[in-house]
Amino acid sequence: YYSNLQAEEGRKWRLAGNGRVGAVGLDAEFYESALLYASIPSLYFGLDSVKYNELTVVPDLPSSLGYMAMQNLRFYGAEYDLYVSRNKVVISGVDGGDGTQKVNVTLNAQEGKKVYVNGKERTDFVTNDGKITIQVNLEHCVVEIK
């Protein structure tokens with residue numbers, strides 16, 4: 001494209017990127033285009049992995065957003081889909097993995113005092129700084145605070 005443009009306009013266009021300096025930056029270096037894909041999982045879903053084989057999910061949605069969902073995520077060989085809201089995390093579509101992957105779900109304690117996993121009340125959670133954390137297996141499940 002820029003070779004043709006140069007021939008038509010008689011101007012010299014040097015492509016930037018891949019270690020070369022120039023005026024036009026369309027061939028390699030617009031890494032900020034990938035910021036959305038890197039920041040959404042981290043900022044809004046709170047996805048992280050601090051311990052081996054343990055995923056953390058700590059939703060932090062903007063006040064104007066009721067929920068968010070992502071599909072086709074991958075963690076240690078397991079593919080899954082994830083839905084988060086203020087008081088609920090849904091893991092679905094789990095495929096693959098070796099069955100040892102864990103997920104630490106952290107939700108705001110202000111949303112409720114009881115924790116339910118797949119509709120059954122659980123008491124094996126930890127409360128710290130106004131947040132409730134519970135560990136579940138990376139499998140289809142619904143974690144909810146009421």
Discussion item. Tell me if a side-chain donor or acceptor on Arg86 pairs with a main-chain N or O of Asp60 at a distance below 3.5 Å.
Written reply: no
Practice prompt. Compare all side-chain heavy atoms of Val103 with those of Val57 and state whether any distance is below 4.5 angstrom.
Written response: yes
Fill in: Residue pair Ile132, Thr106: steps toward the side chain to side chain contact (heavy atoms under 4.5 Å, CB included) verdict
CA-CA 5 Å; Ile132 292 175; Thr106 301; over 6 Å; no
Discussion item. If we count only N and O atoms by modelled type, under 3.5 Å, do the side chains of Asn53 and Thr100 hold a donor and an acceptor together?
Written reply: yes
Worksheet item: What do you reckon, is OH of Tyr83 surrounded by more than 12 foreign heavy atoms closer than 6.0 Å?
Response: yes
Worksheet item: Of all heavy-atom pairs between Lys102 and Phe75, which one has the smallest distance, and what is that distance?
Response: O-CE2, 4.4 Å
Discussion item. I'd like to know if the side chain of Thr56 and the backbone of Asp48 have a donor-acceptor N/O pair within less than 3.5 Å.
Written reply: yes
Worksheet item: Going by heavy atoms in the side chains, are Leu61 and Val84 under 4.5 Å from each other?
Response: yes
Worksheet item: For Asn108 and Ile145, which heavy atoms make the closest approach, and how far apart are they?
Response: O-CD1, 3.8 Å
Worksheet, complete the sentence: In short, Phe45 meets Met68 closest at the heavy-atom pair CZ-CB, 3.5 Å
Worksheet item: Is a side-chain N or O of Gln101 found less than 3.5 angstrom from the main chain of Tyr76, in a donor-acceptor match?
Response: yes
Worksheet entry | Tyr52-Val136 co-clustered via ILVMFWY side chain contacts under 4.5 Å | yes
Discussion item. Between Val90 and Leu82, is the side chain to side chain contact (heavy atoms under 4.5 Å, CB included) condition met? List the steps.
Written reply: CA-CA 6 Å; Val90 179; Leu82 186 62; over 6 Å; no
Item to complete: Would you please say whether a donor-acceptor pair under 3.5 Å links the side chains of Gln135 and Asn104?
Response: yes
Discussion item. Hydrophobic clusters here meaning ILVMFWY residues chained together by side-chain heavy-atom distances under 4.5 Å, can you tell me if Leu107 and Val126 are in one?
Written reply: no
Worksheet item: How close do Val117 and Cys141 get, heavy atom to heavy atom, and via which atoms?
Response: CG1-CB, 4.4 Å
Discussion item. Please give me the minimum heavy-atom distance between Val94 and Leu138, naming the atom from each residue.
Written reply: CG1-O, 3.6 Å
Discussion item. Checking the side chain of Asp81 only, and the main-chain atoms of Asn72 only, is there a donor and an acceptor separated by less than 3.5 Å?
Written reply: yes
Item to complete: Would you check if Ile134 and Val143 make a side-chain contact, meaning some heavy-atom pair closer than 4.5 Å?
Response: yes
Worksheet entry | For Ser85 against Pro59, the heavy-atom pair lying closest together | O-CB, 3.9 Å
Discussion item. Between Ser49 (side chain only) and Glu54 (backbone N and O only), is there a donor and an acceptor less than 3.5 Å apart?
Written reply: yes
Discussion item. Applying a strict under-4.5 Å side-chain criterion to I, L, V, M, F, W and Y, I'd like to know whether Val142 and Val115 cluster together.
Written reply: no
Worksheet item: Below 4.5 Å, heavy atoms only, C-beta onward: do Pro62 and Tyr44 meet side chain to side chain?
Response: yes
Item to complete: Indicate yes or no: does Asp124 engage Arg122 in a salt bridge with an N to O separation below 4.0 Å.
Response: yes
Practice prompt. Verify salt bridge (charged side-chain N to carboxylate O under 4.0 Å, His left out) between Glu79 and Arg74, making sure each step is shown before the conclusion.
Written response: CA-CA 4 Å; Glu79 293 180 8; Arg74 184 181 272 287; 2.8 Å; yes
Worksheet entry | Check: His140 side chain, Ile91 main-chain N or O, donor-acceptor pair, under 3.5 Å | yes
Fill in: Face-on cation placement of Lys88 at Tyr67 ring, 6.0 Å and 45° thresholds
no
